[in-house]
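Below, chain A is the first sequence line, B the second, and so on; all start at residue 1. All values below were derived from every heavy atom in this structure, side-chain atoms included, with hydrogens, water molecules and symmetry-related copies excluded. If you're wondering where the values come from, they're calculated on a predicted model, not measured in any experiment.
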There are 2 protein chains.
Amino acid sequence: MSQNITVLDVAREAGVSASTVSRYLTGVTSVSKIKQEAIARAIELLDFTPNVLAQSLKSGSTKTIGIVTQALESPFFGEELKGVEQAIAGTGYALLIVSGHWQAREEKDHAELLIARRVDGIIIFTSTASDKQIQSLSRQVPMVVTGRRMDMPRAVGLAVDNEQAAFEATQYLLEQGHRRIAHISGRVGQPDTEARLQGYKRALKTAGIKPDAKLIAGGDFSEAGGMLAINQLLEARGSFTAIFAANDQSALGARLGLYRRGIRVPEDLSLIGFDDLLLANYMLPPLTTIRQPTFELGKLAGQTLLNMLAGKTETVVQPQFELVVRESVRRA
Amino acid sequence: MSQNITVLDVAREAGVSASTVSRYLTGVTSVSKIKQEAIARAIELLDFTPNVLAQSLKSGSTKTIGIVTQALESPFFGEELKGVEQAIAGTGYALLIVSGHWQAREEKDHAELLIARRVDGIIIFTSTASDKQIQSLSRQVPMVVTGRRMDMPRAVGLAVDNEQAAFEATQYLLEQGHRRIAHISGRVGQPDTEARLQGYKRALKTAGIKPDAKLIAGGDFSEAGGMLAINQLLEARGSFTAIFAANDQSALGARLGLYRRGIRVPEDLSLIGFDDLLLANYMLPPLTTIRQPTFELGKLAGQTLLNMLAGKTETVVQPQFELVVRESVRRA
DNA sequence: TTGAAAGCGTTACCAG
DNA sequence: CTGGTAACGCTTTCAA
């Protein structure tokens with residue numbers, strides 16, 4: 001119960017002044033060997049830990065990074081979180097984490113809560129806010145958002161090229177001979193949802209195929225949404241031989257829907273996802289998907305923010321996607 | 001860039017003293033209508049936000065709860081996290097989250113980091129520490145741990161009855177006519193791993209069956225571990241008709257291993273899991289499992305800690321498990 | 001190299 | 001109901 005041991009206590013114990021203890025702690029000025037040892041002993045003896053609050057109050061920096069995720073339980077954001085964690089490991093920073101629950105309003109309120117708590121910077125995973133709103137927030141604190149691209153002094157956005165990735169996913173299906181390709185889209189209103197939809201359409205058009213509204217079902221990046229979407233698609237009776245799902249979770253939901261109807265993957269229908277969650281490896285059959293380097297994305301976000309905080313203005317590196325071929329797609 | 005507006009600035013603007021502004025803010029004593037309005041106007045005008053750091057320094061409370069999870073990306077701990085989040089919603093508390101990565105040493109270091117940051121309480125998910133170590137930490141700050149049971153004034157442990165749950169899972173398999181039942185165990189050294197193993201053995205013994213070491217494979221609660229374990233089990237050639245996996249993630253890994261060998265579930269082999277992750281619903285076939293109310297567990301942990309912090313000593317409620325029958329088990 | 005003193009922004013006590 | 005003052009625990013001038 002080492003409560004409220006202060007530098008003053010240590011100073012008394014060591015027979016020096018509080019200032020000297022502070023100097024010993026910060027290491028900013030040199031302290032004589034003798035006193036160093038005395039202080040070290042006193043600290044040991046009293047089991048002293050500096051009060052971070054007082055330090056922060058003085059310095060103005062809390063050594064804390066705020067994170068706004070959209071779902072604490074999401075495997076996708078979880079990986080991203082892990083990436084940030086790795087980026088800040090050993091830097092003395094800690095993570096204050098809140099969830100926006102995909103609600104723009106809640107996201108904003110929680111970001112402001114983080115600011116009120118004086119975090120040094122904020123990372124928002126797949127922000128639901130507009131670029132303008134993010135810029136506005138960034139006047140108060142440096143920001144990094146993922147899921148879209150952006151590059152300003154105090155607000156950077158990190159994302160794979162969603163449009164191009166979706167284009168290549170669809171193109172892969174096309175190359176395998178599929179002509180009737182359905183799409184389960186992401187959460188409406190999100191920039192990445194829109195970009196993936198556009199990429200899908202562009203690939204189709206490039207192949208001389210007119211996108212068919214009956215082959216596009218609205219999902220929301222969740223398993224349940226994927227299942228709903230596949231049912232919709234199947235009931236609309238626009239025949240198709242392949243599906244491009246906006247993310248792996250949707251694909252998983254769709255997979256169950258197909259299983260329920262006895263439709264085999266990939267024998268009867270090919271399926272491609274997006275993200276490459278750990279889960280994709282364990283689907284039956286393992287899912288062919290567009291790999292988003294989720295962990296690295298989080299790590300990059302953390303490093304980028306750290307750079308901003310350190311005043312370094314390195315050029316922003318954007319993460320790259322990659323097609324991962326497994327077993328859920330077959331030639332038409 | 002509303003930087004460093006203080007109560008003093010507000011006081012000046014409103015023509016009152018800093019104390020009065022403070023009183024207005026805390027609402028602890030009444031302030032005259034006139035001044036209230038003046039202060040409100042000044043706050044609005046200056047866009048003032050009280051500095052939480054200074055408040056915390058003064059009050060000694062940071063209104064922050066520290067969480068030690070074992071894996072930020074885990075769907076299980078993610079649900080638990082979400083539960084805690086819900087429990088603290090609207091209370092003004094925030095979450096400082098760190099990971100112990102299943103390493104006792106790291107867990108301890110990170111818990112101490114949280115203490116150094118003056119969190120008001122700590123929740124550890126599935127702690128790798130001994131009861132004694134947890135009690136020791138709890139001298140510095142109230143603690144709640146999940147994954148085991150414990151009930152002391154400043155340290156409570158919340159968990160389903162793992163032994164009994166495993167007993168009932170195994171018994172269910174027995175009731176379905178299975179006699180040769182394999183077990184994929186959890187991470188070695190964890191109390192819940194041990195409890196589940198014991199429950200499994202007890203059910204077997206109760207049915208007059210001698211536990212067979214060849215039918216027990218070591219996992220680690222991960223998908224990869226489950227896959228490794230099933231391979232081991234299959235290669236040991238101790239024939240069996242059912243598997244009880246220590247958690248759903250292991251079950252998922254095992255499922256892929258079985259798929260690779262063309263072993264059908266449940267036609268050739270029955271499979272039962274533990275946890276009831278969202279994922280269990282989406283496995284092929286949907287997984288029969290022991291439901292741990294993970295979200296509620298987190299919520300309960302949050303509420304329990306909140307009670308402790310408020311000085312309330314309500315009796316600790318322990319979470320209950322439940323068998324969820326889906327489609328991965330069939331009569332032998 | 002060291003100590004004294006001021007200050008970070010807030011709140012609580014004490015007079016009035 | 002209100003203002004002044006001290007104090008939370010630390011760091012950083014400023015002198016010595």
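Note on B:S56: nothing from the nucleic acid sits closer than 4.0 angstrom, heavy atoms only. Using a 4.0 Å heavy-atom cutoff across all strands shown, A:V21 reaches no nucleic acid atom at all.
Checked by atom type, the side-chain pair B:R187/B:T128 shows no donor-acceptor distance below 3.5 Å. Side chains of B:Q70 and B:E107: a donor-acceptor N/O pair is present below 3.5 angstrom, by distance only.
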Provide a list of protein-nucleic acid N or O atom pairs under 3.5 angstrom, restricted to nucleotides 6-8 of chain C.
unit_1: C:dG7; atom_1: N2; unit_2: A:K58; atom_2: NZ; d: 3.1

Look for any protein N or O under 3.5 Å of an N or O in nucleotides 3-5 of chain D and output each such pair with its distance, or none.
unit_1: D:dG3; atom_1: OP1; unit_2: B:K35; atom_2: NZ; d: 3.2
unit_1: D:dG3; atom_1: OP2; unit_2: B:S17; atom_2: N; d: 3.2
unit_1: D:dG3; atom_1: OP2; unit_2: B:S17; atom_2: OG; d: 3.2
unit_1: D:dG3; atom_1: OP2; unit_2: B:T20; atom_2: OG1; d: 2.5
unit_1: D:dG3; atom_1: N7; unit_2: B:R23; atom_2: NH2; d: 2.6
unit_1: D:dG3; atom_1: O6; unit_2: B:R23; atom_2: NH1; d: 3.1
unit_1: D:dG4; atom_1: N7; unit_2: B:S19; atom_2: OG; d: 3.0
unit_1: D:dG4; atom_1: O6; unit_2: B:S19; atom_2: OG; d: 2.9

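Here the shortest heavy-atom pairing between A:F76 and A:T294 reads O-CG2, 3.3 Å. The minimum heavy-atom distance linking B:S56 with A:L53 is given by the pair CB-CD2, 3.4 Å.
Under the 3.5 Å distance criterion, the side-chain polar atoms of B:S59 are matched with a main-chain donor or acceptor of B:Q55.
With C:dT11, D:dC10, C:dT2 as the candidates, the nucleotide lying closest to the side chain of A:T29 is C:dT2. Proximity note for B:P50 (side chain, C-beta onward) versus C:dT10, C:dT11, D:dC10: the nearest is C:dT10.
Regarding B:Y24, its OH atom lies at a distance of 13 Å from the P atom of D:dT2, rounded to whole Å. Computed from coordinates, the B:Q55 CD to C:dA12 P distance equals 10 Å when rounded to whole Å. Atom pair B:L53:CG and D:dC8:P shows a separation of 17 Å (rounding to whole Å applied).
The local environment of CG in A:L45 is crowded, with over 12 non-hydrogen atoms from other residues, nucleotides or ligands closer than 6.0 Å. Shown here is B:L8, whose CG atom has more than 12 heavy atoms of other residues, nucleotides or ligands within 6.0 Å.
For A:S22 and D:dT12, the shortest distance from a side-chain N or O to OP1 or OP2 is not below 4.0 Å.
In this structure, A:V145 and A:I123 have side chains that are not in contact, with every pair of non-hydrogen atoms separated by 4.5 Å or more.
In this structure, OG in A:S99 is found 11.0 Å from CG in B:L95, a value given to the nearest 0.5 Å.
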